[in-house]
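Worth knowing before you read on, the calculation uses all heavy atoms, side chains too, and leaves out hydrogens, waters and symmetry mates. Everything quoted here is computed from the prediction, not taken from an experiment. For this chain, numbers begin at 1 and follow the sequence in order.
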Amino acid sequence: MRRLLLPALAALTVAGAAALSTTASTDPAAQGARTTQEVQAGATKATHKYGTHPRQTLDAHWNASSSGPKPALVLIHGGYWYHQTDWSSSAERFAAEGFQVFAIKYRLNFEAGWPAQRDDVADAVAWIRSHAAEFDVDPDRVLLLGSSAGGQLATDAATHGAGALRLKGVVALSPVASPYRAWNDGNTSTDAKRRKLRDNSAILARCYPDSDDTSTTLHPSCWDTWRSMVSKNWVDPADAPMYLVHSEDDFVPPVHSTDLEATAEAKGVPSGRIQTQVVAGSAHGGSLLSAPGVYDRILAWLKSKA
């Protein structure tokens, strides 16, 4: 089953490489070097490298603090794990609310298969902690907010490793908490977005899901890779608190989050530590921040955890 994906993957990799040449910023000269910096209304924006790959960068939006370190909010963009999207406006908005904000980029699915994206999130968080003093950040108060595919990375960060990232809280907007569910939904739907999500889940895994493909003789187990991408498979009572938001007609349906919440509680996660909110309409990902009351509730929740 794994080999059947390779021709399509090769074609998408070529297209993705072309996209990279036009969307990625110039590779900084050294890891940790500030590559761009500007000051707007008292806030500083700077781009840094947290790794050696051109995608492994983060944009810091921060305000110098005279009253002590502030909490860090890490933003993880969506885009089917295939597109890089811009969260600078939201970063500035949260920075104005007292957070030191870091909008991270990560290796896309045509550049590296799973779990490279998980590793990138962990490495970005570690970089922020190691540079906390530079940004007036409290390294013990780090929170995540991810959207769509970035929401999957956020829920994975909350669950994988039994609290290993020491996060104070995680917000996920339309999280694809189960790429396996997304694969199955895409197979039974004619909706273009669901089918695109199905295809990009397979590119992320580097194979089609097959419960019989557990051999590691020629490659890492395909089935184990798909299991690894599903957040509910990692839940533990030590997981970070989560606030998960979908719309009723979201093409990433709310069951991604309600199933995660129910599985977590069945495995001993205290009731209420994971909260799922479903709002009216069909807004997806970052668009949910414009739904009535959603931004204010998320902001209040983040501040309560910070």
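R273 and D239 are not joined by a salt bridge, as no carboxylate oxygen comes within less than 4.0 angstrom of a charged side-chain nitrogen. Salt-bridge check for R107 with D120: passed, with a basic side-chain N closer than 4.0 Å to an acidic carboxylate O. Salt-bridge check for K196 with D191: failed, with every basic side-chain N at 4.0 Å or more from each acidic carboxylate O. The pair D185-R198 fails the salt-bridge criterion, with no side-chain N (NZ, NE, NH1 or NH2) lying under 4.0 Å from an Asp/Glu carboxylate O. The existence of a salt bridge linking K105 and D59 is confirmed by a sub-4.0 Å separation between a basic side-chain nitrogen and an acidic carboxylate oxygen.
Shown here is K70, whose NZ atom has more than 12 heavy atoms of other residues, nucleotides or ligands within 6.0 Å. Around the NZ atom of K193, the shell of radius 6.0 Å holds no more than 12 heavy atoms that belong to other residues, nucleotides or ligands.
Under the 4.5 Å side-chain criterion, counting only non-hydrogen atoms from C-beta, M229 is not in contact with P115. Counting heavy atoms from C-beta outward, D86 and H77 have side chains that stay 4.5 Å or more apart. Side-chain contact check for H61 versus Q100: every heavy-atom pair is 4.5 Å or farther apart. Looking only at side-chain heavy atoms (C-beta outward), L153 and D156 stay at 4.5 Å or farther from each other. Side-chain atoms of P69 and F135, non-hydrogen and from C-beta on, never get closer than 4.5 Å to each other. A heavy-atom distance below 4.5 Å is found between the side chains of H284 and S148. Contact of the K305 side chain with the P241 side chain is registered, since non-hydrogen atoms from C-beta on lie closer than 4.5 Å.
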Open item on the list: I'd like to know whether C222 forms a side chain to side chain contact (heavy atoms under 4.5 Å, CB included) with R206, so could you lay out the CA-CA distance, the side-chain angles of the two residues, the decisive distance to 0.1 Å, and finally the verdict.
Closed with: CA-CA 8 Å; C222 178; R206 292 294 193 269; over 6 Å; no
Task: Test side chain to side chain contact (heavy atoms under 4.5 Å, CB included) applied to F251 and S189, step by step - done: CA-CA 10 Å; F251 74 87; S189 175; over 6 Å; no
- [ ] Could you go through the side chain to side chain contact (heavy atoms under 4.5 Å, CB included) check for D140 and R166 one step at a time?
- [x] CA-CA 8 Å; D140 293 324; R166 297 183 291 116; 3.5 Å; yes
Open item on the list: Checking D259 against K232 for the side chain to side chain contact (heavy atoms under 4.5 Å, CB included) test, could you report, in this order, the C-alpha distance in whole Å, the side-chain angles of both residues, the deciding distance, and whether it holds?
Closed with: CA-CA 8 Å; D259 189 28; K232 72 175 185 179; 2.8 Å; yes
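Residues passing the side chain to side chain contact (heavy atoms under 4.5 Å, CB included) test with A72, sequence neighbours excluded: F102, I128, V137, V142. Partners of Y80 under the ring-ring contact (aromatic ring centres under 6.0 Å, His included) rule, at least two apart in sequence or in another chain, do not exist in this structure.
Between Y180 and W223, the distance separating the two ring centers is shorter than 6.0 angstrom. Under the 6.0 Å cut-off for aromatic ring centres, Y106 and H53 do not qualify, their centroids lying 6.0 Å or more apart.
Residues L144 and W62 fall within the same hydrophobic cluster, defined by Ile, Leu, Val, Met, Phe, Trp and Tyr side chains chained together at heavy-atom separations under 4.5 Å. Residues Y82 and V176 are members of one and the same hydrophobic cluster, defined by side-chain heavy-atom contacts under 4.5 angstrom among Ile, Leu, Val, Met, Phe, Trp and Tyr.
Nearest heavy-atom pair across S174 and A283 is OG-O, 4.4 Å. Of all heavy-atom pairs spanning P179 and W226, the tightest one is O-CZ3, 3.5 Å. The two atoms that bring L165 and A122 nearest to each other are CD2-CB, 3.9 Å, heavy atoms only. For G98 against P71, the heavy-atom pair with the smallest separation is O-CD, 3.9 Å. Here the closest heavy-atom approach between residue A60 and residue H48 is recorded as CB-CD2, 4.5 Å. When all heavy atoms are compared, the tightest approach of Q117 to A112 is NE2-O, 2.7 Å.
The closest side-chain donor-acceptor pair between S231 and T155 falls under 3.5 angstrom.
Side-chain N or O atoms of R181 include none that pairs as donor or acceptor with a backbone N or O of V252 at under 3.5 Å. Here the side chain of E134 pairs no donor or acceptor atom with the backbone of H131 at under 3.5 angstrom. No donor-acceptor pair closer than 3.5 Å links the side chain of E261 to the backbone N or O of S257. Checking side-chain atoms of W127 against main-chain N and O of K49 turns up a donor-acceptor pair under 3.5 Å.
Among L58, L167, V121, I104, the single residue meeting the side-chain contact (heavy atoms from CB on, under 4.5 Å) criterion with V74 is I104.
Under the 30°/60° scheme for interplanar angles, the aromatic rings of H246 and H256 are found to lie parallel.
Here the straight-line distance linking atom OG of S178 with atom CG of L260 works out to 9.5 Å at 0.5 Å rounding. Taking CG of N184 as the reference point, atom OG1 of T188 lies at 7.5 Å (rounded to 0.5 Å). Interatomic distance, W183 CH2 to R194 CZ, rounded to the nearest 0.5 Å: 15.5 Å. Here CD of Q277 is found 11.0 Å from OG of S247. Values are rounded to the nearest 0.5 Å. Going from atom CG of D249 over to atom OG of S282 covers 6.0 Å, rounded to the nearest 0.5 Å. Expressed to the nearest 0.5 Å, how far SG of C207 lies from CD1 of I203 amounts to 12.0 Å.
Under a 4.5 Å side-chain heavy-atom cut-off, the cluster of Ile, Leu, Val, Met, Phe, Trp and Tyr residues that includes W87 is completed by L73, L75, F94, F99, V101, L143, L145, V171, L173, Y243, V245, V279, L288, L289, V294, Y295, I298, L299, W301, L302.
Cation-pi geometry between R227 and W114 is not met at under 6.0 angstrom from the ring centre and within 45 degrees of the axis.
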